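Model, not experiment: these values are computed from the prediction.
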Amino acid sequence: MSYNIKPSAKLEEVNSDLFTLTNAPVLAAKYYTVPVNQDFEGEIWSNELARFEIQTPRNEIDSIHTKVLKGYKKKWNYHPYSGEGMYTVTATDINGKISEMKLYVRPDFDFYLNQARTEALRIRPTSTHHAECFYPLYTYFLARRYQPNAQTDSIAEKVYNQIFPDLFDSESSEMRNGKFRIQDAATMVGVLTDRFQVTQKEEDLKNASLLADFLLRCQKEDGGYYNFVHNTHYTSVIYIAKSIMELMTEEQKLATKSNIWKDRYERHRNSVICALDDLESKGDNIQTEGQMTFEDGMISCSVAQLAYGALRINDSVRAKKYLSRAIELDKKHQCLTQILIPDCRMNGATLRFWEYPYTVNLMHGGMNSPCGWSAWKIYGSWYLYLLTGEHKYMKQVINALGSCLQLVNINTHKLNFSFLPDPYINCYQFNEIPFGSGIPKLQRVCLGEQYIPPISNWHKEPHETWRKKWGIDNFVHEIFKCMTEIFITNAYIHEHDDGSFETINCKTQYEKGTLYIDYAPKEIQHIHINLKQRTKIQICHSNQQFEQPAGTAWLMEQIPEDLSKFSDTMLAPTPPMGWNSFDSYGVYLHEKAAFDNLETMAKRFKSFGYEYFVIDNGWFGEYRLQPNTLYSTERHASDININEYGLLQPSLCYFPNGFEKLIKRCHELGLKFGLHLMRGIPRKAVKTNLPIYGTNFHAADIADTINICKWCHYNYGVDMSKPGSQEFYNSLINQLASWGVDFLKIDDIVPYPKEVEAIVRAVRQCGRKIIISLSPGDKVPTNHLKTFTQAQMLRITGDIWDTQNDIDKCFQAWETWNGKEHPGFWFDMDMIPFGYLQVMSPKTLNEKDISQSALYAGKGYTRHSQLTPEQKRTFITMRALAASPLMIGGDLPTMDDYSFKLLTNRDMIMCNQNGKMGKPIHQDKEIDIWRTDKSPTEGWIGIFNRSNNTQKRNISLHSITLPKNIILKDIWNHTNIIPNNKNEILVNLQAQDVLFIHYIIK
């Protein structure tokens, strides 16, 4: 026997190629499952037909008529007069070759949700630690929300109350066996969220949030959620990130009223972004519960989560990346999806091979297609349709869900576990013998192309013995969760290229340029529309009229809550940009200099994105000054200005008019105002034991006199175990918030995570959005990174000045902290020492008049930055590629032209504000090459000469992971780079210089 094999270039060509190879009829339908009163239509590739017939659910035989399209391809159409049930199509050509196709007319979606609840009460969830066993809880609460029935909902509530305490450990706020299967915790997060939506009991959502916190503890630095028992990547094992996003839908509402819920929401949002970044980065290179296989669940759950994230995340750059990766993975997943099979029982379902032996006692491997997990693919296809508007995705949703819903037998109303597509399996299976006994007995069975019933209704083994006797088949209810999310309250209208309209859950009529839309407003709450051109719309039941632009949208912006954008409460979505006074004025900034720098910042720098005007340390100091000058004679002030509660006040010698006018002017100019704080409580307040505002406690009650700053002696630490300690920080931050402060640089705090948390709590309760910058950064304990990420900035270097040694320190910090990024949290390499520095430390002062120690409030005497042009280019290129905050340190009114051009270069700022820390792609003794991407086709590369000698090299594009067809722009020289005929670029760099490239792939 010989076989013909022919490659098909496109999925759309497979049916035609199949006919060419077999010369037998090949059948296809647009939709294999349709609702009542909708026609079937499709194509057939065949020779002349002898018979083309359809058998109805009532065993009637009808003929099907065709219309020739082109060559052997014909179009067919059939109206299913016999109503609900299975239709079998048979095509016989004149050569006697026969082909068959299965079609189905389904009841409405309400029927399936109601019946699923009935079956979930017959085959009840069990209190084992497997999510598969308690999946019916989803159906309980979804049906209760959309089809309330007092009697059945009461029974369901009793079942839930019986099993929930066995599943959830209220003391640890974890699943009782959660450490072994973190997907169970994620599933319960979703269940409890759905439950909260019907009960509105905050306790339900709190438990869901606590379980999400457990999942965060299972998250590694790469962003993946891991099963730590097996050290295995689990993000795409029952969509852990998607479950947390479902929770965030409700947390986001409560966050507007409660700082506790705001903290939870932000914590979970940041975690999810890290997880999605990880999925986008890894693609299909992740494990499936420890097995390195290209498996349905791993791929389809990744597609679903990335596409869901693209819909909901309020970050267009990330959303684009997530979508791109989701489309790529979905295309690969076609090999695991029955997209072309002409059978309503299977079309669109995914191919899985794991479940039968340990789920329904079938002692043989076999495909289950569809089963409950086929819904994962449906989620992904739905999200991709909403994101792209491409109808092929909605077609897959309709066909796949149609196959899945047939697991409910519309005649018996019984729910099956799955469909077995294998044509013949001869094996053993444990069956209930005798019937009704609940006793499993091994039997030989012959199975093929049939529905497999569940066993949970009779298989009642002792708690947690499933590996001995199997029986975890309740995850079929994932189908009804999926159906409810997509269709139960949503309608869809899609305009095709020929101007025809296709609808789901509504009706349309197009007359005289107006599209009339009719639907049941009590049932349908949201209408998604996909138009080819701008169209007049009229809603029939309300007579509303409006014009709808071309493209995809939810009508009247009525977006389902579970698809709406997450609110961007991220205070610093991109690296902050601004000016800090320390490099230029040390701790001696005075009122006139402050106003001069503020006005210059607004006039010359604001339009480029610089917005934070920050006064560093010493603003509260009462210094001894040189006669008739503002020059200090001491390093640190001999006295500080505090109020009756020990709270810092503006210096009378440097800011005699206070901050009110300065801050008001700052905000008038559209800028934001920042201040420096030292950790702790003033020693002056402790010495006089001043009261802590709003409490019965005093400064001495909370002072930590042991853990003090070694280089600044204004403050003691605060002992956070003492009553009144948090209240002190609250009072301090509340005062600053009342002044209008937008940015706080907190110094000497990095080694003290408990006080970091105290500052974070104080800021969150103050009622004002304030950026928190943590300092210093020369010794940062990485084990407290989760605490630090509650702020927006973290110094990862010591003080950085205008020397090559300091540039090298920045490179080292960049390397050390690479890969540890978090959304909205930026690694700070200190200020940019360009321009005029140390203005208040002129060398002309007599040493008798100014203590040498005064120079320690900074470095060196008054000077222009000692960095060479090459070093400056390297310095600012590194800041751009590392996505480090751009905080200018030099005096702004006297900023030199060359530094100004570097600091305001649009390409440099675009790279920095892309917010993605660059990665090293090559490093040797002389040359470092770093790269950061904006998208799959655009990004930046820095080629750094780290040596003290000129470096001249030919560097191939391939070696820096770039293709041939590319545009390369030399940012600092404002020229295009043309590769030679070997696809190399010539790099000729002076010592400590850089070639900064913006690339765009054609």
Side-chain angles (χ1 to χ4, degrees), residues 112 115-140 155-156 159 162-163 166-167 181 184 187 238 297 345 349 352-375 404-409 411-422 425-481:
Y112 289 105
Q115 198 54 46
R117 172 172 49 191
T118 300
E119 285 294 272
L121 290 173
R122 182 177 73 90
I123 310 172
R124 296 184 176 184
T126 57
S127 55
T128 77
H129 62 281
H130 274 65
E132 291 92 325
C133 297
F134 59 81
Y135 243 89
L137 295 177
Y138 271 125
T139 298
Y140 285 173
I155 299 171
V159 175
Q162 288 170 357
I163 68 171
D166 292 336
L167 296 167
R181 286 173 49 93
D184 300 336
T187 302
I238 316 188
R345 300 169 298 176
R352 296 186 59 80
F353 62 90
W354 289 20
E355 275 79 21
Y356 281 128
Y358 57 78
T359 304
V360 289
N361 295 348
L362 186 64
M363 300 295 98
H364 193 288
M367 289 293 179
N368 50 331
S369 180
C371 70
W373 298 152
S374 291
C404 290
L405 292 178
Q406 288 170 61
L407 293 175
V408 176
N409 186 310
N411 296 315
T412 66
H413 291 192
K414 294 293 190 290
L415 176 62
N416 288 299
F417 163 68
S418 74
F419 185 79
L420 175 69
D422 301 65
I425 291 179
N426 189 331
C427 64
Y428 286 95
Q429 182 178 23
F430 283 96
N431 286 319
E432 185 185 24
I433 299 175
F435 181 78
S437 67
I439 299 173
K441 184 175 181 181
L442 199 61
Q443 278 189 323
R444 178 168 288 280
V445 293
C446 292
L447 306 170
E449 283 196 25
Q450 68 186 77
Y451 289 102
I452 305 299
I455 65 172
S456 294
N457 57 312
W458 61 266
H459 196 285
K460 306 296 181 185
E461 286 298 316
H463 186 50
E464 293 184 27
T465 61
W466 71 274
R467 284 201 181 275
K468 296 178 182 179
K469 295 294 184 182
W470 304 275
I472 50 171
D473 50 14
N474 260 325
F475 64 87
V476 65
H477 285 271
E478 179 75 87
I479 291 166
F480 308 108
K481 177 180 186 289

Query - Residue pair Asn361, Tyr428: steps toward the side-chain contact (heavy atoms from CB on, under 4.5 Å) verdict - result: CA-CA 9 Å; Asn361 295 348; Tyr428 286 95; over 6 Å; no
Query raised in the report: Under the side-chain contact (heavy atoms from CB on, under 4.5 Å) criterion, do Ser369 and Arg352 qualify, and how do the steps go?
Result: CA-CA 7 Å; Ser369 180; Arg352 296 186 59 80; over 6 Å; no
**Report entry** Verdict with reasoning, Ile425 to Cys446, per side-chain contact (heavy atoms from CB on, under 4.5 Å)
**Finding:** CA-CA 6 Å; Ile425 291 179; Cys446 292; over 6 Å; no
Requested in this report: Please step through side-chain contact (heavy atoms from CB on, under 4.5 Å) for the pair Leu407 and Val476, ending with a clear verdict.
Outcome: CA-CA 9 Å; Leu407 293 175; Val476 65; 3.8 Å; yes
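Formation of a donor-acceptor pair under 3.5 Å by the Tyr140 side chain with backbone atoms of Ala120 is found in this model. Between the side chain of Gln115 and the backbone N or O of Glu119, no donor-acceptor pair lies under 3.5 Å. In this structure a side-chain-to-backbone donor-acceptor pair under 3.5 Å is missing from Glu355 to Val360. Of the possible polar contacts, none joining the Tyr135 side chain to the Thr187 backbone as a donor-acceptor pair under 3.5 Å is found. Glu478 contributes no side-chain N or O that, together with a main-chain N or O of Ala375, makes up a donor-acceptor pair within less than 3.5 Å. At least one donor-acceptor pair closer than 3.5 Å links the side chain of Gln450 to the backbone N or O of Gly448.
Taking the six-membered ring where the residue is Trp, Phe475 and Trp373 present parallel rings, their angle staying beneath 30° rather than reaching 60°.
Using a 4.5 Å heavy-atom threshold, the side chains of Thr118 and His413 count as separate. Met363 has its side chain within reach of Leu442: a pair of non-hydrogen atoms, C-beta onward, lies under 4.5 Å apart. The shortest side-chain heavy-atom distance between Pro440 and Asn431 does not fall under the 4.5 Å cut-off. Contact annotation: the side chain of Cys427 approaches that of Leu362 to within less than 4.5 Å [non-hydrogen atoms, C-beta and beyond].
If you take CG on Asn474 and CZ on Arg124, they are separated by 12.0 Å, rounding to the nearest 0.5 Å. To the nearest 0.5 Å, atom CG of residue Asn416 and atom CG of residue Asn368 are 12.5 Å apart. Atom OG1 of Thr126 sits about 12.5 Å away from atom CD of Gln162, to the nearest 0.5 Å. Taking CG of Leu167 as the start and CZ of Phe134 as the end, the distance is 5.5 Å to the nearest 0.5 Å. Atoms OH and SG, from Tyr356 and Cys371 in turn, are 7.5 Å apart once rounded to the nearest 0.5 Å. Note that CZ of Phe480 is 9.0 Å distant from SG of Cys404, once rounded to the nearest 0.5 Å.
In plain terms, the two heavy atoms of Ile455 and Thr359 that are nearest each other are CD1-O, 3.6 Å. The shortest non-hydrogen separation linking Met367 to Asp422 is N-OD1, 3.1 Å. His364 approaches Asn426 most closely through the heavy-atom pair CD2-O, 4.4 Å. Of all heavy-atom pairs spanning Ser456 and Ile123, the tightest one is CB-CG2, 3.4 Å. Minimum interatomic distance between Arg345 and Gln406 (heavy atoms only, all atoms of both residues): CG-OE1, 3.8 Å. Nearest approach of Leu447 to Leu420, heavy atoms of both residues: CB-CD2, 3.7 Å.
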